[in-house]
Amino acid sequence: MSSTKGVPFSIDKRPSSYDEYEFTLPELYRKIAKEELREDDDIREQSLTQMREWIAKHPYIRKCRTDASFLLRFLRFRKFSVPTACEALERYLAMRETFPDWFKNLDYTESAMREMLEDDVFAHLDQDEDGRMVIYFRFARFNVEKFGPLQEGRFAALLIETLLEWEELQIGGFRVLVDYTDSVLKHYGIWGVTDMKIFMEAISRSYPIRIREIHSAKFPKFALPIVNVLLSFASPKLKQRIICHTTVKEMASRFDASQLPTECGGKCDPLQLRKKFLKHLEERREFILALDDMSIDKEHYSSMWNQAGSQNSEIDSGITGSFRKLAVD
């Protein structure tokens, strides 16, 4: 069993004793799973068996969760193509081992994490009528006087790992609202190219998340140079799902008011949303920390992230020059 207490799964290369799976979600998710992900009871069991056998024989995976809840993240992400789900799992494990400062020891009780949660940088807004989870970010509420890209990236990683504990997210995916109102130059200038590459590779290629839409509002023109570099590391599919709005009101009109916080014209109390999500974080804390017990030979996968080299330095210099000019202007 994992060295972390209170988690109902083993972390080794053998199937867990908690392998029995029962689909308990509302019928909407069974329908989405079948129509969009090719998932049914038979395919699910066959795919889980094949994936567990692959993990057991893998020469570079040392320890890994094999419970259904975890493996289904990757099978659903890759629409039950077992070979590509296995590749996605490899990439996820290699990412965590290669960049432990970013993706390990994700604890919501850590002071930086706790402060960002209390600053209401993020809100979980429940599911829409199509089964998609809705989440909301207020970018300007990141305290750039105290926190840099590593802390912001770790915060995002904690949220993703926690949200993935919901099967609704695995199946229905999610919609993101990002409000950039009142953000300033420093919110963007603290990010170097290496930071951007690590973060965007994780979001668009390494985490098994189904991003359906990303809505943004009030994005400042002065930040265009850096967002263009950031998006250069994103997958084409992710880029296609970004929708820009001139105002927060325009962005909010694409969502049901019952699912939005009061600050953007909705009916949800931000304080209650925060309390509800904090409770979920507390309940899943040991599950998230137990992920650190998984292990893969990171040296074998080092080439995945060693391709930018001097090109990154040239881009970084160009960005620095652009931002200096903007600051002068």
Side-chain angles (χ1 to χ4, degrees), residues 2 4 7 11 64-65 69-70 73-74 77 88-124 133 135-139 141-144 146-166 169-170 173-174 176-178 187 190-211 214 230-231 233-235 238 274 277-278 280-296 298 301 304-305:
S2 164
T4 306
V7 293
I11 297 185
C64 185
R65 280 176 62 175
S69 176
F70 179 73
R73 300 178 184 188
F74 302 93
F77 179 53
L89 173 59
E90 273 186 299
R91 189 175 187 91
Y92 167 82
L93 293 174
M95 172 194 74
R96 289 176 52 87
E97 289 290 296
T98 305
F99 304 105
D101 289 347
W102 285 76
F103 305 113
K104 286 195 169 187
N105 193 30
L106 301 174
D107 190 347
Y108 87 99
T109 65
E110 182 185 310
S111 59
M113 300 283 201
R114 194 79 187 196
E115 186 167 331
M116 283 184 268
L117 287 164
E118 291 173 354
D119 286 343
D120 288 331
V121 171
F122 163 87
H124 167 235
M133 184 177 288
I135 63 174
Y136 175 61
F137 285 95
R138 281 291 304 273
F139 191 68
R141 291 188 179 173
F142 278 117
N143 186 342
V144 287
K146 292 186 67 174
F147 307 125
L150 179 60
Q151 288 80 18
E152 292 181 7
R154 285 177 55 77
F155 181 70
L158 171 67
L159 298 178
I160 291 170
E161 294 285 17
T162 306
L163 293 170
L164 279 168
E165 290 292 327
W166 271 299
L169 179 72
Q170 297 175 19
F174 64 97
V176 185
L177 297 89
V178 188
H187 280 106
I190 62 171
W191 284 78
V193 171
T194 300
D195 300 323
M196 288 190 282
K197 180 175 174 59
I198 293 171
F199 180 74
M200 192 53 73
E201 286 278 344
I203 296 297
S204 65
R205 294 187 174 90
S206 300
Y207 273 120
I209 49 178
R210 301 188 68 215
I211 301 176
I214 299 177
L230 180 67
L231 291 176
F233 300 121
S235 65
L238 181 63
R274 189 205 313 166
F277 191 69
L278 279 170
H280 183 70
L281 283 167
E282 181 181 359
E283 291 171 350
R284 311 309 283 183
R285 179 173 181 262
E286 299 301 333
F287 288 69
I288 304 306
L289 292 174
L291 293 171
D292 293 353
D293 292 343
M294 296 190 296
S295 177
I296 195 170
K298 69 178 182 181
Y301 300 93
M304 282 185 180
W305 287 275

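Numbers for residues simply follow the sequence, beginning at 1.
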Asks: Answer whether the closest heavy-atom distance between the side chains of Ile209 and Phe77 falls below 4.5 Å.
Replies: no
Asks: Give the ring-plane orientation class for Phe70 versus Phe74, where under 30° counts as parallel, over 60° as perpendicular and anything between as tilted.
Replies: perpendicular
Asks: Is there side-chain contact between Leu159 and Ile135, with at least one heavy-atom pair below 4.5 Å?
Replies: no
Asks: Starting from the C-alpha separation in whole Å, work towards a yes-or-no answer on side chain to side chain contact (heavy atoms under 4.5 Å, CB included) for Met113 and Asp107.
Replies: CA-CA 7 Å; Met113 300 283 201; Asp107 190 347; over 6 Å; no
Asks: If you take all heavy atoms of Ile11 and Ala290, which pair is closest and at what distance?
Replies: CD1-O, 2.9 Å
Asks: Would you call Leu238 and Met200 a side-chain contact if the rule is heavy atoms closer than 4.5 Å?
Replies: yes
Asks: Quick one: does Arg154's side chain have a donor or acceptor within less than 3.5 Å of a partner on Pro149's backbone?
Replies: no
Asks: Would you please test Arg284 and Glu161 for salt bridge (Lys or Arg N to Asp or Glu O under 4.0 Å) and show each step?
Replies: CA-CA 10 Å; Arg284 311 309 283 183; Glu161 294 285 17; over 6 Å; no
Asks: Should Arg210 and Phe174 count as side-chain neighbours, where that means a heavy-atom distance under 4.5 Å?
Replies: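 Counting from C-beta outward, Arg210 and Phe174 never come under 4.5 Å.
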Asks: Any sub-3.5 Å donor-acceptor pair from His187's side-chain atoms to Val144's backbone N or O?
Replies: no
Asks: So do Glu97 and Lys104 actually touch side chain to side chain, heavy atoms under 4.5 Å?
Replies: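 Sidechains of Glu97 and Lys104: in contact.
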Asks: Spell out, as yes or no, whether a donor-acceptor pair under 3.5 Å connects the side chain of Asp292 to the backbone of Asn105.
Replies: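 Yes, the answer is positive, given that a donor and an acceptor are paired below the 3.5 Å cut-off.
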Asks: Could you go step by step and tell me if Tyr92 and Leu291 meet the side chain to side chain contact (heavy atoms under 4.5 Å, CB included) rule?
Replies: CA-CA 11 Å; Tyr92 167 82; Leu291 293 171; 3.9 Å; yes
Asks: Parallel, tilted or perpendicular: which describes the rings of Phe199 and Trp102, with under 30° parallel and over 60° perpendicular?
Replies: tilted
Asks: Are Leu117 and Val121 close enough, and set up right, to give a side chain to side chain contact (heavy atoms under 4.5 Å, CB included), and what steps lead you there?
Replies: CA-CA 6 Å; Leu117 287 164; Val121 171; over 6 Å; no
Asks: Look at Glu115 together with Arg141 and state whether they make a salt bridge at an N to O cut-off of under 4.0 Å.
Replies: no
Asks: Is a side-chain N or O of Arg114 found less than 3.5 angstrom from the main chain of Thr109, in a donor-acceptor match?
Replies: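 Here the side-chain-to-backbone pair does not exist.
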Asks: Of all heavy-atom pairs between Arg91 and Ser206, which one has the smallest distance, and what is that distance?
Replies: NE-OG, 3.4 Å
Asks: Any donor-acceptor pair under 3.5 Å linking the side chain of Gln151 with the backbone of Gly148?
Replies: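 Here the side-chain-to-backbone pair exists.
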Asks: Does a side-chain heavy-atom distance below 4.5 Å link Ile203 with Ile211?
Replies: yes
Asks: Go through the steps for Leu278 and Tyr108 under the test side chain to side chain contact (heavy atoms under 4.5 Å, CB included), then give the verdict.
Replies: CA-CA 8 Å; Leu278 279 170; Tyr108 87 99; 4.2 Å; yes
Asks: Any non-hydrogen side-chain atom of Leu289 less than 4.5 Å from a side-chain atom of Arg285?
Replies: yes
Asks: Would a 4.5 Å heavy-atom cut-off, applied to side chains only, mark Phe122 and Arg274 as touching?
Replies: no
Asks: Relative to each other, are the rings of Phe142 and Phe155 parallel, tilted or perpendicular (30° and 60° limits)?
Replies: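 Judged by the thresholds at 30° and 60°, the geometry between Phe142 and Phe155 is perpendicular.
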Asks: Step through the shown structure and confirm whether more than 12 heavy atoms of other residues, nucleotides or ligands are within 6.0 Å of CD on Glu283.
Replies: yes
Asks: Return yes if some donor-acceptor pair links the side-chain N/O of Arg205 with the main-chain N/O of Phe233 below 3.5 Å, else return no.
Replies: yes
Asks: Quick check: does any side chain N or O of Arg138 sit under 3.5 Å from a backbone N or O of Asp120, one acting as donor and the other as acceptor?
Replies: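 No, the answer is negative, given that no donor and acceptor are paired below the 3.5 Å cut-off.
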